[in-house]
Amino acid sequence: MTVVTRFAPSPTGFLHIGGARTALFNWLLARHGGGQFRLRIEDTDRTRSTPEAVEAIFAGLRWLELDWDGDVVFQSANAARHRQLADDLLARGRAFRCYCTPEELAAMREAAKGEGGALRYDGRCRDRTDIPAGIDPVVRFRSPDGDDVVIDDHVQGEVRIPAAQLDDLVLLRSDGTPTYMLAVVADDHDMKVTHVVRGVDHLTNAARQLQLYEALGWTPPAFAHIPLIHGPDGAKLSKRHGAMAAAEYREMGFLPAAMRNYLARLGWSHGDDEIFSTEQAVEWFSLAAVGRSPARFDFEKLRSLNSTYIQRTGDDALYAAIAPGLGHMAGRPLTPEHRNRVTALLPELKKRAKDLRELVDAAHFLVADRPLELDQMASGILDADARELLARLKSRLGELEVWQGDTVEATVRSFADDEGLPLGMIAQPLRAALTGRAVSPGIFEVLQVLGAAEALGRLADAA
RNA sequence: GUCCCCUUCGUCUAGUGGCCCAGGACAUCGGCCUCUCACGCCGAAAACAGGGGUUCGAGUCCCCUAGGGGACGCCA
């Protein structure tokens, strides 16, 4: 039997970070087993589902490079099938019509609260024979009384839910549309899903669904309920924790590979391995190695991982990734000359960036027009003395016939000797004039990459 | 309220009864390197929630307590 997993988000918002990890785990499990990873949009609640959210989910998965197999299934398209299933259950006495009003149901829950039981539907319409006028009934599943439901979960282990906790869930709303509970079971069965991997918030749903599988005469899939991701404070991840949408991480300059690596390590591990390729993750992944305790999202660790991925990315690919941002910052299209400068210095630049935005920022001086804008630190460094010093250095550098890393370095060093100053006293003003900052890659590399004309020009501007 | 789950350094985790006076990674703090900042390298500090058992032996098994999380919709 080949593995078939699925990611089944409801299109009511963006693809959040927890969903992204659920998708990753499903993808990993499918790829590991040489099986299929399917995508299903759970849009049974038509009023809350939006096309924008569907697009956001696609975009998020594509960005993370989690490719799905076959066509996307829109759950709403299967409504007729779901209805037929409900009718069948009704005909076999496994479901019944319920005429309770929302007010009645609310009162029921209030009462249950006082009595100290589960907040559940009490089954009062189960054997009702009269048909109240003016009320469109819902169809409820007749949840079997008696035996506990045992979920043999691949992550949670054996979980036993008392039957008394499981009430008669709604299968068909009063307008005849199917609910999620019926739809997932039917679609997972119809799509031949073998492993349902989702958040633990669905654990009790699994018990209800198991009852449905039994009533329908179907073999249930394997279940794996993975722990949720929490915010830094241990509470459920929410907006106040900052970025939640996968798309925001792209905008913040995270690499998809780093994201996958980080997310994979949240709740799953392979010994002490911290940094691994997606291929390795596919090879190593197993549900048995997924933990049961919730993990907190650690932004700094993600950034650290991202920085190592940036360093491992080739300079051409990296240039392609930052070129749009660089051009935007420069306010005009980049020239081949700019491209050469940036790629030449990228090996140095990328050691200093934890995300792509920092990289763009650090590379900006290479494509900026003269006269350079100086930041506060840089203009502080360039006082009158420093400017005079630079003027002298400029004429020395101007005499150079061959502008290369070694000749430039030799010139600056001997200039420092002649001035009787430590190199640092020369390097900082030079850096300020050349980059507009107090911080940059090595000054000789900067000099070389900028080239004689541009470097001398910037020195003239500053001196 | 009822039910379910969780609990190893600040954080992510290794650990499946002896290999653990608990290992790795991020963060933190020192140091080296050094033209700045990084990178890199070296080093330090830092945890088995508490209490009972079981066992020759428990982070690992059982029970209780505490704390945390989740579920209980004509949402998914």
Side-chain angles (χ1 to χ4, degrees), chain A residues 8-12 42-45 47-49 75 98 100-102 105-106 109 112-121 136-140 151 153 155-157 159-162 164-167 169-175 177 179-181 183-184 199-205 207 225 227-228 230 232 234-236 262 265-275 291-305 307-308 311 348-354 362 377 381 409 412-413 416 422-428 430-432 435 437-444:
Chain A
S10 62
T12 53
E42 312 252 287
D43 56 349
T44 52
D45 184 355
T47 57
R48 296 207 310 159
S49 303
Q75 195 152 61
C98 170
C100 293
T101 61
L105 295 172
R109 270 177 227 116
K113 219 174 228 169
E115 285 166 23
L119 275 31
R120 57 192 288 277
Y121 171 71
D136 290 326
V138 299
V139 173
R140 285 184 185 272
I151 307 163
D153 196 277
V155 167
Q156 302 293 325
V159 179
R160 184 177 297 266
I161 309 284
Q165 287 294 317
L166 280 6
D167 63 1
L169 64 266
V170 172
L171 259 18
L172 253 34
R173 300 188 185 92
S174 53
D175 66 0
T177 58
T179 61
Y180 159 82
M181 213 60 82
V184 247
V200 262
D201 48 337
H202 283 287
L203 190 59
T204 42
N205 288 339
H225 291 89
L228 269 19
H230 288 176
K236 199 174 174 179
Y262 178 72
R265 273 302 270 107
L266 226 46
W268 173 77
S269 63
H270 182 263
D272 282 338
D273 294 307
E274 295 285 347
I275 296 169
R292 289 190 231 181
S293 52
R296 299 185 189 200
F297 194 88
D298 184 356
F299 206 72
E300 285 311 314
K301 187 149 185 173
L302 204 211
R303 282 173 59 74
S304 163
L305 212 43
S307 113
T308 99
Q311 287 183 60
E348 285 303 309
L349 254 15
K350 63 188 180 187
K351 286 192 277 202
R352 294 164 169 80
K354 290 197 170 178
M377 291 287 285
I381 289 168
E409 175 164 356
V412 174
R413 283 191 188 277
L423 186 58
M425 294 296 286
I426 312 288
Q428 277 308 85
L430 197 47
R431 187 181 329 272
T435 71
R437 306 275 179 92
V439 169
S440 83
I443 200 63
F444 305 121

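Small disclaimer: the values here were computed from a predicted structure and weren't measured. Just the heavy atoms: all of them, side chains too, but no hydrogens, waters or symmetry mates, feed the values below.
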* Asked: Quick one: does R292(A) reach the base of C6(B) with a side-chain donor-acceptor pair under 3.5 Å?
  -> no
* Asked: Which whole number of Å gives the distance between the C1' atom of G69(B) and that of A49(B)?
  -> 16 Å
* **Selection from C35(B), A25(B), A38(B) that lies nearest to any side-chain heavy atom of K301(A)** => A25(B)
* Would you indicate what A438(A) reaches in the nucleic acid, counting non-hydrogen atoms under 4.0 angstrom: base, sugar-phosphate, or nothing? => base
* Asked: For atom C1', what is the distance between C20(B) and U8(B), given to the nearest Å?
  -> 12 Å
* If you find the nucleotide of RNA chain B closest to S269(A) and the one closest to K351(A), which residue's nucleotide is nearer the 5' end? -> S269(A)
* Is S440(A) touching bases, backbone alone, or none of the nucleic acid, heavy atoms closer than 4.0 Å? -> base
* To do: Report which part of the nucleic acid G424(A) touches: base, sugar-phosphate, or nothing (heavy-atom distance under 4.0 Å, all strands).
  => sugar-phosphate
* Structure fact -> Applying the 3.5 Å cut-off to both distances, the Watson-Crick or G-U partner of G59(B) turns out to be none
* **Complementary nucleotide of C35(B), counting Watson-Crick and G-U pairs under 3.5 Å** => none
* **Closest-nucleotide 5' rank along RNA chain B - winner of P232(A) and P441(A)** => P232(A)
* To do: Find the partner of C19(B): check Watson-Crick (N1-N3 plus N6-O4 or O6-N4) and G-U wobble (N1-O2, O6-N3) distances, both under 3.5 Å, and reply none if neither fits.
  => none
* Given the C1' atoms of C9(B) and C62(B), what is the spacing between them in whole Å? -> 27 Å
* Span that lies between the P atom of G40(B) and that of C48(B), in whole angstrom -> 31 Å
* For the residue pair Y262(A) and F297(A), does the interplanar ring angle fall in the parallel (under 30°), tilted (30 to 60°) or perpendicular (over 60°) class? -> perpendicular
* Asked: Mind checking the P distance from U28(B) to A38(B)? Whole angstroms is fine.
  -> 10 Å
* To do: Please give the nucleotide sitting opposite C3(B) as a Watson-Crick or G-U wobble pair, both distances under 3.5 Å, or none.
  => G70(B)
* Now, which nucleotide makes the Watson-Crick or G-U wobble pair with A25(B), with each of the two distances under 3.5 Å? -> U11(B)
* Is G267(A) touching bases, backbone alone, or none of the nucleic acid, heavy atoms closer than 4.0 Å? -> sugar-phosphate
* Counting side-chain heavy atoms from CB outward, which of A76(B), C12(B), C39(B) is closest to R265(A)? -> C12(B)
* **Nearest-angstrom distance, P atom, U60(B) to U16(B)** => 13 Å
* Asked: Using a cut-off of 4.0 Å on non-hydrogen atoms, how would the nucleic acid contact of R437(A) be classed: base, sugar-phosphate, or nothing?
  -> nothing
* To do: Measure from the side-chain heavy atoms of L266(A) and tell me the nearest of G24(B), C12(B), C74(B).
  => C12(B)
* **Rounded distance in Å between the C1' positions of C64(B) and A22(B)** => 26 Å
* Considering only the P atoms, how many Å lie between A25(B) and C39(B), rounded to the nearest integer? -> 15 Å
* Pick base, sugar-phosphate or nothing for V138(A), based on heavy-atom distances below 4.0 Å to the nucleic acid. => base
